[in-house]
Amino acid sequence: MAFRLREGVFTAETDYGIAILDEDRDQYWTLNPSAAIALRTLLEGGTEADAAQTLSEEYAVDIGTARQDVRDLVGGLHSAGLGAEATGGPEERASTAPSTGPVRSRTHGRWPHPRGRRAGRKRR
């Protein structure tokens with residue numbers, strides 16, 4: 001099955017990766033460039049193996065590490081309540097695929113744990 005974000009969750013490209021906004025819970029997360037590449041691959045209908053292969057080709061990382069990073073990413077997104085399994089039909093792929101821009105090559109790093117702002121918390 002293909003991975004997709006659940007209803008009410010949106011992505012935005014940033015200079016440093018992807019920001020994920022959960023409008024229902026008023027929270028956001030940021031993903032570094034390597035996690036952004038993996039997420040784009042998944043949202044475009046690729047499998048976890050496809051995402052790992054893309055990471056392995058784009059960054060100086062062995063395929064085993066890339067596979068673990070993708071599993072960690074998908075698990076983290078599901079744990080945060082952001083992911084939903086897709087049936088993989090073409091209509092879903094077209095509606096969930098984010099726009100992609102040029103990909104910058106950088107040193108591989110583990111994706112950061114989601115950082116979110118909880119509803120009701122004020123910024124200083």
Side-chain angles (χ1 to χ4, degrees):
M1 286 189 185
F3 176 84
R4 69 177 177 86
L5 296 171
R6 71 167 171 73
E7 292 287 324
V9 177
F10 303 93
T11 62
E13 296 287 329
T14 69
D15 289 340
Y16 306 104
I18 289 180
I20 301 174
L21 172 65
D22 181 349
E23 285 191 340
D24 297 335
R25 297 179 183 148
D26 193 28
Q27 294 179 321
Y28 69 93
W29 290 259
T30 58
L31 300 180
N32 66 23
S34 60
I37 287 172
L39 182 60
R40 278 188 215 107
T41 302
L42 294 168
L43 292 177
E44 290 170 353
T47 64
E48 288 186 24
D50 295 332
Q53 185 63 41
T54 302
L55 279 178
S56 182
E57 292 170 1
E58 187 69 28
Y59 294 93
V61 62
D62 65 277
I63 194 68
T65 300
R67 284 184 185 126
Q68 186 60 51
D69 287 351
V70 171
R71 280 192 297 267
D72 291 346
L73 172 64
V74 171
L77 293 171
H78 280 295
S79 292
L82 301 172
E85 291 300 323
T87 60
E91 66 284 348
E92 282 188 293
R93 286 186 195 142
S95 66
T96 60
S99 61
T100 59
V103 176
R104 293 187 305 259
S105 194
R106 293 195 178 183
T107 333
H108 175 72
R110 297 256 178 197
W111 73 285
H113 294 287
R115 286 180 247 159
R117 183 175 57 85
R118 297 198 189 278
R121 289 176 62 185
K122 295 183 181 179
R123 290 185 178 182
R124 295 181 194 204

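No experiment lies behind these values; they were computed from the predicted model shown. All heavy atoms count here, side chains included; hydrogens, waters and symmetry mates do not.
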Give, for atom [atom1] of [X] and atom [atom2] of [Y], the distance between the pair rounded to the nearest 0.5 Å.
X	Y	atom1	atom2	result
Q27	L82	CD	CG	8.0 Å
I37	L31	CD1	CG	11.5 Å
L39	E44	CG	CD	9.5 Å
R71	E48	CZ	CD	7.5 Å
E58	Q53	CD	CD	12.0 Å
H78	F3	NE2	CZ	5.0 Å

Practice task
Please determine which of D50, T65, V70, L73 meets the side-chain contact (heavy atoms from CB on, under 4.5 Å) test together with L55.
Solution key: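 Among D50, T65, V70, L73, the one meeting side-chain contact (heavy atoms from CB on, under 4.5 Å) with L55 is V70.
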
Where [X] and [Y] come nearest, the two heavy atoms and their spacing:
X	Y	result
A51	A38	CB-O, 3.9 Å
A52	A66	O-CB, 3.4 Å
R6	D24	NH1-OD2, 3.2 Å

Practice task
Give a yes or no answer on whether the side chain of T11 reaches the backbone of I20 with a donor-acceptor pair at less than 3.5 Å.
Solution key: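 Side chain of T11 to backbone of I20, a donor-acceptor pair under 3.5 Å: no, none is there.
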
Handout entry: Residue pair V9 / L77, side-chain heavy-atom distance below 4.5 Å
Key =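 No, every pair of side-chain atoms sits at 4.5 Å or beyond.
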
Exercise for the section: For residues L5 and F10, determine if any side-chain heavy atom of one lies less than 4.5 Å from a side-chain heavy atom of the other. Expected result: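 They are not in side-chain contact.
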
Practice task
For side-chain contact (heavy atoms from CB on, under 4.5 Å), just list the numbers for E13 and I18, CA-CA rounded to whole Å, side-chain angles, deciding distance to a tenth of an Å, and then say yes or no.
Solution key: CA-CA 5 Å; E13 296 287 329; I18 289 180; 3.8 Å; yes

